[in-house]
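Atoms within each ligand, like the ligands themselves, are counted from 1 in listed order. From a predicted model like this one, the values you see are computed outputs, not experimental measurements. The analysis underlying the following values was restricted to heavy atoms, covering all of them including side chains, and did not include hydrogens, waters or symmetry mates.
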Amino acid sequence: MTTEKISVSPQAEKDRVVIFDTTLRDGEQSPGATMTHEEKLEIAGLLDDMGVDIIEAGFPIASEGDFRAVKEIAKHSRNAVICGLARADLKDIDRCWEAVRHAKRSRIHTFIGTSPLHRAIPNLSQDEMAERIHETVSYARNLCDDVQWSPMDATRTEWDYLARVVEIAIKAGATTINIPDTVGYTAPVESAELIARLIAEVPGAGDVVFATHCHNDLGMATANALAAVAGGARQIECTINGLGERAGNTALEEVVMALKVRGDIMPYYTGVDSTKIMHISRRVATVSGFPVQYNKAIVGKNAFAHESGIHQDGMLKNAETFEIMRPEDVGLSATNIVMGKHSGRAALRAKLKDQGYDLGANQLNDLFVRFKELADRKKEVYDDDLIALVAAGEDEARDRLVIRSLRVVCGTGGPAEAELVMSIDGVEASAVETGDGPVDATFKAVRALHPNDARLSLYQVSAVTEGTDAQATVSVRLEEDGYIATGQSADTDTVVASARAYVNALNRLLVRRGKTGDDTREISYKDVS
Ligand code: KIV
Ligand code: ZN
């Protein structure tokens with residue numbers, strides 16, 4: 001055996017790109033993506049585990065729920081810096097510090113809209129705003145050593161004014177200057193130039209880290225973020241699955257993998273363990289109720305699927321023919337070993353572990369029962385089936401509404417009829433309703449047993465795997481009195497999955513309503529006063 005001497009060129013600290021994840025703040029802020037307290041803690045834990053450097057955990061002054069979540073995330077943090085958002089207001093900054101100070105390492109992120117359109121909202125002159133920036137950044141810096149400042153809508157702010165306020169923020173003690181493309185307006189060339197010019201021309205710029213925060217309105221968020229890095233930015237702000245307002249933010253998985261795969265032309269690196277990407281992507285999709293589009297880069301269901309004959313042939317001969325990264329690099333198992341009704345508990349546990357799920361004994365027992373039920377109905381149970389099963393069953397233990405049985409009669413001859421038995425706070429009740437199709441009849445039966453005015457704002461069905469015995473995953477989003485809740489379920493029977501998803505969303509709505517004001521934002525980050 002010969003040993004090859006490999007010369008490794010050490011990666012320079014100057015080429016290290018800090019990953020700042022804002023799934024729990026900018027992502028969660030997008031209408032309908034609200035997560036429960038427990039879900040936020042779980043996602044923060046996964047982000048910390050995968051090596052994200054900074055977690056923006058929320059906007060503490062926005063609501064009691066946001067404050068509590070940021071504080072808990074801070075208390076449980078391990079390696080990541082925990083950051084909270086605050087407007088340019090002393091009360092906001094105090095509240096933010098109160099929440100993040102419990103972390104091993106904390107950051108205050110304060111911002112104000114600096115473009116002409118944003119300056120008009122609080123009706124401040126350029127000088128008045130400059131004064132406010134100096135006051136609030138200095139105030140934050142007196143509380144915390146790590147302060148990030150953002151001129152919101154930077155890419156539409158006049159150059160002279162932008163350069164002036166960036167200098168003021170640096171002088172006031174900001175340690176990171178973030179340049180947001182709030183409305184997704186910029187393009188890669190501009191993005192690189194803007195950062196490079198700020199670094200070259202603003203006094204003191206060499207002493208701080210420049211960050212890029214891009215929105216995807218024109219589909220350029222990832223390209224703009226990478227261009228900003230080429231221009232000198234060393235912090236990318238991003239979210240899992242690109243979750244975020246409107247068209248979303250830069251997707252974490254895209255920038256991490258782009259830097260990894262194209263290190264030849266982008267010689268920068270991150271501290272993120274890319275093999276954890278798939279698991280967190282699925283968890284964020286489940287808890288936010290925002291499914292990942294099939295052809296989404298890196299994490300889409302089809303991202304590593306090779307269907308056409310010519311592709312499959314090439315892949316069998318040499319995977320590199322059509323693959324620029326390996327499925328394992330993002331945490332997809334290379335082999336999809338099929339489970340069936342003879343598979344045991346140990347195999348199930350191992351399989352789930354492989355997918356990033358470490359279930360406790362009770363959860364595993366419960367899942368094993370549901371896995372056996374599924375395996376009785378479906379010959380082959382794939383990885384995606386198991387993941388759908390985990391996602392579908394996680395709330396049942398604490399649910400107030402539980403479906404006991406459902407029978408539906410439908411066909412071509414008339415309206416569909418649903419007969420539903422549901423337990424409500426432990427008491428069983430039944431209803432029979434007719435409707436325009438089986439799902440309509442079923443939802444009416446649920447409403448007959450649990451009257452509510454929740455508006456159905458999303459009903460989405462997708463097949464988990466192929467074949468007529470495939471499970472269907474159903475996502476439902478409900479809105480009532482300003483509360484939004486999403487529910488998901490999977491079953492080989494689409495109507496059963498629909499009923500469970502609907503009831504799942506109702507249960508979440510009940511939890512939200514139970515905690516008055518908990519998840520309702522009283523303030524949006526755009527209300528800059
Ligand atoms: O898009 C944006 O401008 C923001 C700021 C609060 C940084 O999210
Ligand atoms: Zn944003």
Side-chain angles (χ1 to χ4, degrees), residues 18-31 33 54-62 66 70 83-89 92-93 95-96 100 107-119 121-122 129 132-133 136-137 140 146-157 162 165-166 169 174-186 191 194-195 198 208-222 224-225 228 233 235-252 255 288 290 521 523-529:
V18 167
I19 295 294
F20 176 110
D21 181 277
T22 183
T23 307
L24 297 172
R25 199 277 297 168
D26 217 333
E28 208 254 350
Q29 213 160 266
S30 89
I54 301 151
I55 300 172
E56 189 165 48
F59 182 20
I61 200 136
D66 257 41
V70 177
C83 174
L85 184 69
R87 293 169 303 176
D89 181 291
D92 270 45
I93 294 170
R95 191 75 174 144
C96 178
V100 297
R107 173 178 292 192
I108 297 174
H109 175 192
T110 181
F111 74 100
I112 194 160
T114 51
S115 67
L117 283 165
H118 282 265
R119 287 201 302 268
I121 302 172
M129 184 169 279
R132 170 91 69 98
I133 293 164
T136 49
V137 174
D146 187 346
V147 172
Q148 170 167 328
W149 180 73
S150 297
M152 186 163 73
D153 207 13
T155 53
R156 293 190 303 166
T157 300
L162 182 64
V165 287
V166 165
T175 44
T176 298
I177 299 290
N178 176 38
I179 301 298
D181 182 29
T182 306
V183 290
Y185 176 72
T186 201
S191 179
L194 182 59
I195 299 282
L198 284 166
V208 299
V209 173
F210 273 81
T212 174
H213 176 111
C214 303
H215 281 265
N216 204 29
D217 299 65
L218 291 173
M220 294 192 281
T222 295
N224 287 336
Q235 175 177 304
I236 296 181
E237 308 212 353
C238 47
T239 59
I240 302 292
N241 298 339
L243 193 68
E245 289 215 75
R246 307 184 309 278
N249 291 59
T250 299
L252 178 145
V255 286
S288 67
F290 275 58
R521 286 206 163 72
I523 293 169
S524 148
Y525 81 103
K526 288 176 188 143
D527 308 330
V528 187
S529 55

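Residue contacts with ligand 1 for E237 are absent, since no atom lies close enough (heavy atoms, distance under 4.0 Å).
At least one heavy atom of R25 sits under 4.0 Å from some atom of ligand 1.
Those atoms of ligand 1 that come under 4.0 Å of a heavy atom in M152, given as number and element, are 3 (O). Ligand-side atoms of ligand 1 in range of H213: 1 (O), 2 (C), 4 (C), 8 (O), range being under 4.0 angstrom from any heavy atom. Distances below 4.0 Å separate heavy atoms of T182 from the following atoms of ligand 1: 1 (O), 2 (C), 3 (O). Set against the non-hydrogen atoms of H215, the atoms of ligand 1 under 4.0 Å away are 1 (O). Residue D26 approaches ligand 1 through these ligand atoms, each under 4.0 Å from one of its heavy atoms: 8 (O).
With sequence neighbours excluded, the residues forming a side chain to side chain contact (heavy atoms under 4.5 Å, CB included) with T175 are R141, D146, listed by chain and number.
On a distance-only criterion, H109 and ligand 1 share no N/O pair closer than 3.5 Å. Below 3.5 Å of separation, one finds no N or O of N178 facing any N or O of ligand 1. Considering backbone and side-chain N/O atoms, D153 never comes within less than 3.5 Å of an N/O atom of ligand 1.
Between P60 and V70, the closest heavy-atom pair is CG-CG2, 4.0 Å.
A distance-only check finds a donor-acceptor pair linking the side chain of D66 to the backbone of F59 [under 3.5 Å]. Put simply, the side chain of D89 never gets that close to the backbone of I93: no donor and acceptor are under 3.5 Å apart. Under the 3.5 Å distance criterion, the side-chain polar atoms of D21 are left unmatched by any main-chain donor or acceptor of L252.
Side-chain contact of T114 with T157: a donor-acceptor pair under 3.5 Å is present, judged by distance alone. With no hydrogens or angles considered, a side-chain donor-acceptor pair links S150 and N178 at under 3.5 Å.
Distances from the Zn ion (ligand 2) show that E245 has no N/O/S atom below 2.8 Å.
To the nearest 10 degrees, the angle centred on the Zn ion (ligand 2) between NE2 in H213 and OD2 in D26 reads 90°.
Side-chain contact between M220 and T186 is absent, with no heavy atoms from C-beta onward closer than 4.5 Å.
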